[in-house]
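Proteins get letters first, then strands, A, B, ... in listed order; numbering begins at 1 in each. These figures come from a predicted structure and were not determined experimentally.
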There are 2 protein chains.
Amino acid sequence: MELKDLAPLLLKKERANGDVDAAVLTDVLRDGSDANARRKQLVALIERHPVLSDRDMMFRNHDERYSFGLKKVAHFVQFLKNQKIVDANEQETMYKALGEPLCIDVHNSMFVPTLENQGDDDQRAKWLPLARSFKILGAYAQTELGHGSNVQGVETVATYDKATQEFVVDSPTLTSRKWWPGGLGKTANHAIVHARLFLDGEDVGVQAFLVQIRSMEDHEPLPGIEVGDIGPKVGFNAIDNGYCAFHKIRIPRENMMMRYAKVLPDGTFVKPKSDKLVYLTMVHVRANLVENFALTMAKAAAITTRFSAARIQGRTPDNKGEFQVLDYQNQQHKLFPFIAISYAAKFAARDMMARHDSAVEIVKSGNAGFGAKLAALHAVSSGLKAWLAEKVSDGVESCRRLCGGHGFTQSSNLAHLFNEIVGANTFEGTFDVLVQQHARYMLKVLAGVKTLDESEPATRFLAKIETYADPTLRFSAQTPEDFGDLNLLVEAFEVRATRILLALATQMKATKNNGNACMVLMSRVSNAHAELMLLEALANGVSAIPAGPEQRSVVHLCSLFGAWLMTKSLGDFRQHDYLSSQQVERVREQVVRLLPVIRKNCVLLTDAWDFSDFELNSTIGRYDGDIYRALVKRAADEPLNKTQVPEGYEKYLKPLIQSDL
Amino acid sequence: MELKDLAPLLLKKERANGDVDAAVLTDVLRDGSDANARRKQLVALIERHPVLSDRDMMFRNHDERYSFGLKKVAHFVQFLKNQKIVDANEQETMYKALGEPLCIDVHNSMFVPTLENQGDDDQRAKWLPLARSFKILGAYAQTELGHGSNVQGVETVATYDKATQEFVVDSPTLTSRKWWPGGLGKTANHAIVHARLFLDGEDVGVQAFLVQIRSMEDHEPLPGIEVGDIGPKVGFNAIDNGYCAFHKIRIPRENMMMRYAKVLPDGTFVKPKSDKLVYLTMVHVRANLVENFALTMAKAAAITTRFSAARIQGRTPDNKGEFQVLDYQNQQHKLFPFIAISYAAKFAARDMMARHDSAVEIVKSGNAGFGAKLAALHAVSSGLKAWLAEKVSDGVESCRRLCGGHGFTQSSNLAHLFNEIVGANTFEGTFDVLVQQHARYMLKVLAGVKTLDESEPATRFLAKIETYADPTLRFSAQTPEDFGDLNLLVEAFEVRATRILLALATQMKATKNNGNACMVLMSRVSNAHAELMLLEALANGVSAIPAGPEQRSVVHLCSLFGAWLMTKSLGDFRQHDYLSSQQVERVREQVVRLLPVIRKNCVLLTDAWDFSDFELNSTIGRYDGDIYRALVKRAADEPLNKTQVPEGYEKYLKPLIQSDL
C-alpha cells in the first residue's frame, strides 16, 4: 500500500485500539456538550467566511500580515454585527478562530476595559460608546523604550496647567517614548497613556490619561505626536506594536482617568482609594492565560500525536516493516507528558476561574476575608503563569522537533503556535518577577503557619509541616501501584514544596531578607509549589470524569505526570533520603511502564479536545491522517511556485549559469 | 543622566571592573591573532559591499528572502572572483558573514563534494569544472516526502534499460517525491538523486545519480519533471528547499555516481568496495557543526550579556537606584552557563577536528587501528551533536527570553539565531538516532572493557570501572575549593557515566537487546557521556590559556559548568549516595557562589569572541551599549513606517471609524 494511503489507516487503527470514548472527555474539557456545540458553530461561521477563513499568514511578512489583518478586522466587526453576535465570550471564541491576534486585540482586551474600570461615570458615558463601536480605536500605552512592565519607571511626564485646565504630556527623553503597545503603531487614534503626573512641580505618581494621537478625519498623526511601528517580532506580526513620542501636547483635564485618583480644576490632587479589584482583574487575565496555555499545549500535542501515528520511519528489528514514529519509546517519553500538561492546565484554569468568580461574589456581598483569599489567588496565579509559560512554550517547541522535518515546515503550524505563545514568558510579568511574588507570599504563609487557614486549598498542606520537615520521613511507595497512587504522589510533592520553602526561609534570614541573593531558591519554591498545584488540579479533575475507561486514562496521565515531574527534580525528592536511591529507579521504571499504557489511548486523549482541522491549521495534524496529500497541496500555494522560473532568473541566475566567470 | 546615555556607560563600567584581557582569550578562541585578523578582514569586505552587507532579512517573507538571496548569490560569486578569494575556508568565512544561508548552500556543501567523492575520474573531469564555476547548479536530493534521512526508505526508482544504456528515473508514489533538498525548488538545474536501482528486475540498493532537472537555456523544468518550493519554514527562508517528482525520465548510464558501485553497459552490477571514508566526511561535517554551535551560543550570550549590563530595570531595595538586569541572581544563573557552553563547545570542536585530521593522516599512511579510532570518533561526534543541538538551541531561546520585550523584537537578532540553529536538531541525524548510535558504541566498549584501549580519550575512564561501579564510593568534595576542583568534577562525571552505562547494559540484557525498550536509558547514557566530554574539553582547554586572570576566569567558567550540570541531574549523582544530601546542597551553593565571581568578567568573556556589530546584527547587543538609539533607528526601517497612514486606511479603517456600525 502506498504511504499516502497507509497514513490515514494507521491513525484510524490507533483510534480503534483505544478503549476511550473521546466524546466523554470532550464534555469535561469543553464545559459540556452544549457549550462545545455552540463553540463549534461559532468557529464554523469563521471557517465559512471568504475573508475571515484566510490561513495564509505564513506566506506574509510583518507589513503584509498587518495589512491583511486590517482587512480581517473590518470584515470581522461587520460580520459580528450581521450575525448579531453580541456576547463577549462568543465574540472572543470567533476572534480566536481567526488564527492570529489582530490590530484591535489591545483595543478590546485593554483599552475598553481600562475605560470601563478606571473612567468615572462621565468619562464612561462619553467614551465607551465610541470605543465599543470602534469610532475611537485605542491603544494601551504603558511600557516605554527604557522600561517594560515596571510602571514606576515611566518617564513620560504629564504636567498640569491650571491656567488652561490642561495636562501637558511630554516625552522628555529618547527612552521615554512609548514602545511595544499593540495597535499603537498604525491603527489607534487614541491611547491610554501612563505618565508621571506633576502638580505644581510635585510628583504625585503615575496616572493614566486618554490621549488622542491621530486625526479622526484623515488618520494623520496630530501635531506634536511621533508615532510608528516598532518592526517585526517573534510573534503577533499582524499587530502593529508601536512607538509614540509626545512633544508637549495638550489634553483637557477631563482626560485623566478619574475613577480613583482625581485632579480638581484648581490642581488639587485627590488620592485614590485603595483598589484591590485591580488584583481581581489581573487574576482574571491570568486564568484566561492558563486556559490558553492548556489549549495551545493541547493543539501542539494533538498535531504531534496524530503525525506520530500516521508517520512511519525506520525498520523494525525483524526488518519486516517500519515503526510508526509513535512506537518509539523516546517519542512517547517526550510527547505524553505534554498531553498531561494540557489536561492539568485545563483543570487548573477552571479552578482558578471558579475561585476568581467566588472572590467577585465575596466582594459584592461585602464579606470579610476577601484580602487573604485575593492574596492567595494572586500568588498562586503568578506561580502557575510562570511555570506554564515556560513549560508550554518549551513543550510546543519540543512537539515541533518531534515532528522532524515536517515539523520544521511552517505548514505544520507548530512554529506559529510557538511564536504566539512564547511571548507569554515576557508579557503579564516575567518569570523572575512572578516567582518572587509567589515565593514571598509562601514565606508569609509560612511565617503565620501556626494560625494557618486550612480552607485555603493552595497552602493547606503546610498544616503537616512538622511531619514533612522531619528528615526521617520516607516516601512509602514500593510497588508500581504505590508509585501510581495519586494521593501518595501528591503527598511527595507537598513534602518537597515544604522543604524548599523552609530552606528559603532559612536563607532569607541568613541574608537579612536580601531577596536578590535568594532568587534561585525563590524560583525553586515557586516551581515546586506550581507543580504541586498542577498535579493536584489534575488529580482532583479526575473526579469530574465519569467512572470508566475515560477516567482511568486520565488517572494514568496523572500518574505519568507526577512520576515524570519527579524524574525532573530528583535532587529535591532525594533530599534527606525522602526517596531512596532504589525508589528513584522505581520512579524511572514507572514512567517507562506507563508509556504503552497511555499510548493505547493517546490519539483519543488528544482528539478529546475536539479541535477542528481549521483550528489546528496543520498539514500534518489532520484528523484523518491524510498528511502527505495535505503537504503537497499546501506547498502548491507558496508564492514562489506561481512561476516555473523564479523572478530573479534573467538578472541573477542566467548570467551566473551562462557567462564565463 | 538619560538612560540612553547611561546604557553605554554601564557597559563600559562592566568592562572596566573586569581583570581579564579579552584579547588574550581571543587568541585562544580564534586560533591565533593572525587568523583572527584575516577573519575580520574578510568579514569587513562583506560589511563594506553595498549588496552583500544587506541585513534587512527580518522585513522579508520567504519569497522575498529567496529573491534577494539570489541577488546576493550573484554578487557574492562575482565578488569572490574580483577579490581573488580562492581558499575554501576564506570563502566560507565570507559566506557566513552574509547573515543567512542562501540558495547555493547545498550546491557548495553537498553537491560539489558528492561529485568529488562519489564521481569516478571521468565524471569528475566532466562535471566538477562546470559545478565549481556554477554553470551547473546542483541540489542533493536524498530525502523524500515519505522518508527523511533514512536512506533505506527511498521510494524513487531507477531502472536500467540495457537497450539504450539509460536509467529510467521515476517517482512511483506521491510520497516518493523528493522533499526538502535545499536549492532544489527554484535554483538548481541539476540534482544528485538517490534512487533504488533495479537491474533486470533485481533491487541492488540505493544509488546516487546525476539528473538534469531544468533547461540550461531558459531554466524551464525539463519534460517529465515536476519541481517547486515546499514553502516557508522555521529557518533557512532564503533557501528554496524544494520538491521534485520524476515521471519516467531518462538519463545516460554515465550519470550514476560510479566511484564505488558501478553498472556496466550490459547491466552487470559491480558492488562497491567498503567506504569507511564516508564516516570521516560525516565526522568533518559534525566537527564544523560543533564549531557552529559554539559560535551561535557565543553570539547569543554576547548579545544577552551586553544587554543585561546596559539595561536597568527595577528599584534596588534602598530605592536609590535601579538594578542592572545583570545584577539579578536569576539572570546570572540562567545566562552564565551559556557562556560556559560556548567555550566548552569551542574546545570540543577543536579536539574533534584534530582527531579527524589525525585520522586522515592514519588513512593516508595506511596504518592499522583506523577502524577503532573512526568508530570512536563517529560515536563521540554523534553524542556531542545530539546534546549540543538541543542545549544550544534552547540556550539561544533562553537568551532571547532573558532580554525581555526587546529580545522578542526581531532586531535583537536572537530569534533569527534560534531559527537558523534549531534545525540542527533535525538535520544530520535526529536526537533519537544519534543517542542510540552513541549508546550502542559505549555498550560495545563496555563489553570489551577487559581489553580497553586506554589511548582512546573518550572512553579511557572505563579503566576505572570497578572503582566507579562500587556502590560504596563517595564523592570526596567537602569545601567550596573541592567543589571547584576540576579533576574532582570530571571524576564525578566519569562515575555517573559509568553507572548509567552499566544500567543500560543490564537493561539491554533483560530486554534481549530490544533497543527501543531501552531508548530512554540510551539517551541518558549518551547525554551523560556528552556532558563528561564537554566538561573535560573545557577543563583541558584551560591549559591552552596563558596563566593569569584569563586562565582563572575560564577555570571559574568550568567550575560553574560542572556544578551547574550536576544540579540538572542530581538523581544520577545521588545514586547509591555517591553524593550525599548535604553535598547536593554544597553543589547548589557552589553554583550561586560562582555567579558574582564570573560576573566580574562576564562581558569580557563574551567580548573575547571578537564578533563585530555587523556579525551580531543586534540592536541590543552592540559593543558600545548604545542600544536605545539603535532600537529607534532600526524601527524607522520598518516598511509600515514609509507612510504615516497605513495602506488599508481608506478601504478598511476609515469605514470602521467613520461609519455607523
Side-chain angles (χ1 to χ4, degrees), chain A residues 2-4 58 60-61 63 67 70-71 74 81 133-134 145-146 148 150 173-175 180 186 219-220 228-234 329-330 333 401 404-405 408-410 415 425-426 432 516 519-520 570-571 574-576 581 584 628 635 638-641 644-649 652 656 661, chain B residues 2-4 58 60-61 63 67 70-71 74 81 133-134 145-146 148 173-175 180 186 219-220 228-234 314 329-330 333 401 404-405 408-410 415 425-426 432 516 519-520 570-571 574-576 581 584 628 635 638-641 644-649 652 656 661:
Chain A
E2 280 200 28
L3 285 183
K4 72 171 191 295
M58 67 174 179
R60 303 187 185 112
N61 63 8
D63 62 299
S67 300
L70 208 52
K71 181 174 174 179
K81 190 178 144 85
S133 63
F134 303 103
L145 182 58
N150 171 22
T173 62
L174 181 91
T175 47
W180 263 109
K186 311 305 287 187
H219 208 62
E220 288 286 342
D229 185 282
I230 63 165
K233 299 138 294 184
V234 170
Q329 190 183 63
N330 264 7
H333 185 241
R401 293 183 201 170
F408 199 72
T409 317
Q410 288 288 354
N425 285 282
T426 306
D432 293 344
N516 192 28
M519 222 162 145
V520 169
L570 287 170
R574 283 282 277 121
Q575 206 204 4
H576 301 317
S581 198
V584 165
Y628 294 117
E638 162 57 41
L640 280 176
N641 293 331
Q644 289 285 3
V645 174
E647 211 184 300
Y649 169 71
Y652 303 117
L656 195 64
L661 259 175
Chain B
E2 280 200 30
L3 286 182
K4 71 170 192 294
M58 67 174 179
R60 304 187 185 112
N61 63 9
D63 62 297
S67 300
L70 209 52
K71 180 173 172 177
K81 190 178 143 85
S133 62
F134 303 104
L145 182 57
T173 63
L174 182 90
T175 47
W180 263 110
K186 311 304 287 185
H219 208 60
E220 287 287 340
D229 184 282
I230 62 164
K233 299 137 293 182
V234 170
Q329 191 182 65
N330 265 5
H333 184 241
R401 293 183 202 171
F408 198 72
T409 316
Q410 289 288 354
N425 285 280
T426 305
D432 294 345
N516 192 28
M519 221 162 145
V520 169
L570 288 171
R574 284 283 276 120
Q575 206 203 4
H576 302 315
S581 198
V584 165
Y628 294 116
E638 161 56 42
L640 280 175
N641 293 331
Q644 289 285 1
V645 174
E647 210 185 300
Y649 169 70
Y652 303 116
L656 193 66
L661 259 175

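Counting all heavy atoms, side chain and backbone alike, B/K4 lies closest to A/L174 at CD-CB, 3.6 Å. B/V520 approaches A/Q329 most closely through the heavy-atom pair N-OE1, 2.9 Å. Counting all heavy atoms, side chain and backbone alike, A/V645 lies closest to B/H219 at CG2-O, 3.6 Å. For the residue pair A/A415 and A/Q410, the shortest heavy atom distance occurs at CB-OE1, 3.6 Å.
Not a single side chain to side chain donor-acceptor pair (under 3.5 Å) links B/N641 to another residue, sequence neighbours left out. Shown here are the salt bridge (Lys or Arg N to Asp or Glu O under 4.0 Å) partners of B/R401, two or more places apart in sequence or in another chain: A/D394, B/E397.
Between B/F408 and A/W180, the ring-plane angle classifies as tilted under the 30° and 60° cut-offs.
For the options A/D432, A/I230, A/L145, heavy-atom pairs under 4.5 Å to chain B are most numerous at A/L145. With respect to chain B, the highest number of heavy-atom pairs below 4.5 Å among A/E2, A/Q644, A/Q575 belongs to A/Q644. The most heavy-atom pairs under 4.5 Å with chain A, out of B/G146, B/G571, B/G228, come from B/G146. In terms of non-hydrogen atom pairs under 4.5 Å with chain A, the most contact-rich of B/E220, B/M58, B/K71, B/H576 is B/K71. Taking chain A as the reference chain and counting heavy-atom pairs below 4.5 Å, the highest number among B/T175, B/T426, B/L570, B/V584 is found for B/T175. Taking chain A as the reference chain and counting heavy-atom pairs below 4.5 Å, the highest number among B/G648, B/S67, B/P232 is found for B/P232.
Using a 4.5 Å cut-off between heavy atoms, B/E638 contacts chain A through its side chain alone, with no backbone atom that close. With a 4.5 Å cut-off on non-hydrogen atoms, A/N425 touches chain B through its side chain but not through its backbone. With a threshold of 4.5 angstrom between heavy atoms, B/H333 approaches chain A through side-chain atoms but not through N, CA, C or O. Only the backbone of B/R60 comes within less than 4.5 Å of a heavy atom in chain A; its side chain stays farther off. Both the backbone and the side chain of B/T409 come within less than 4.5 Å of a heavy atom in chain A.
Expressed to the nearest 0.5 Å, how far CG of A/D229 lies from NZ of A/K186 amounts to 7.0 Å.
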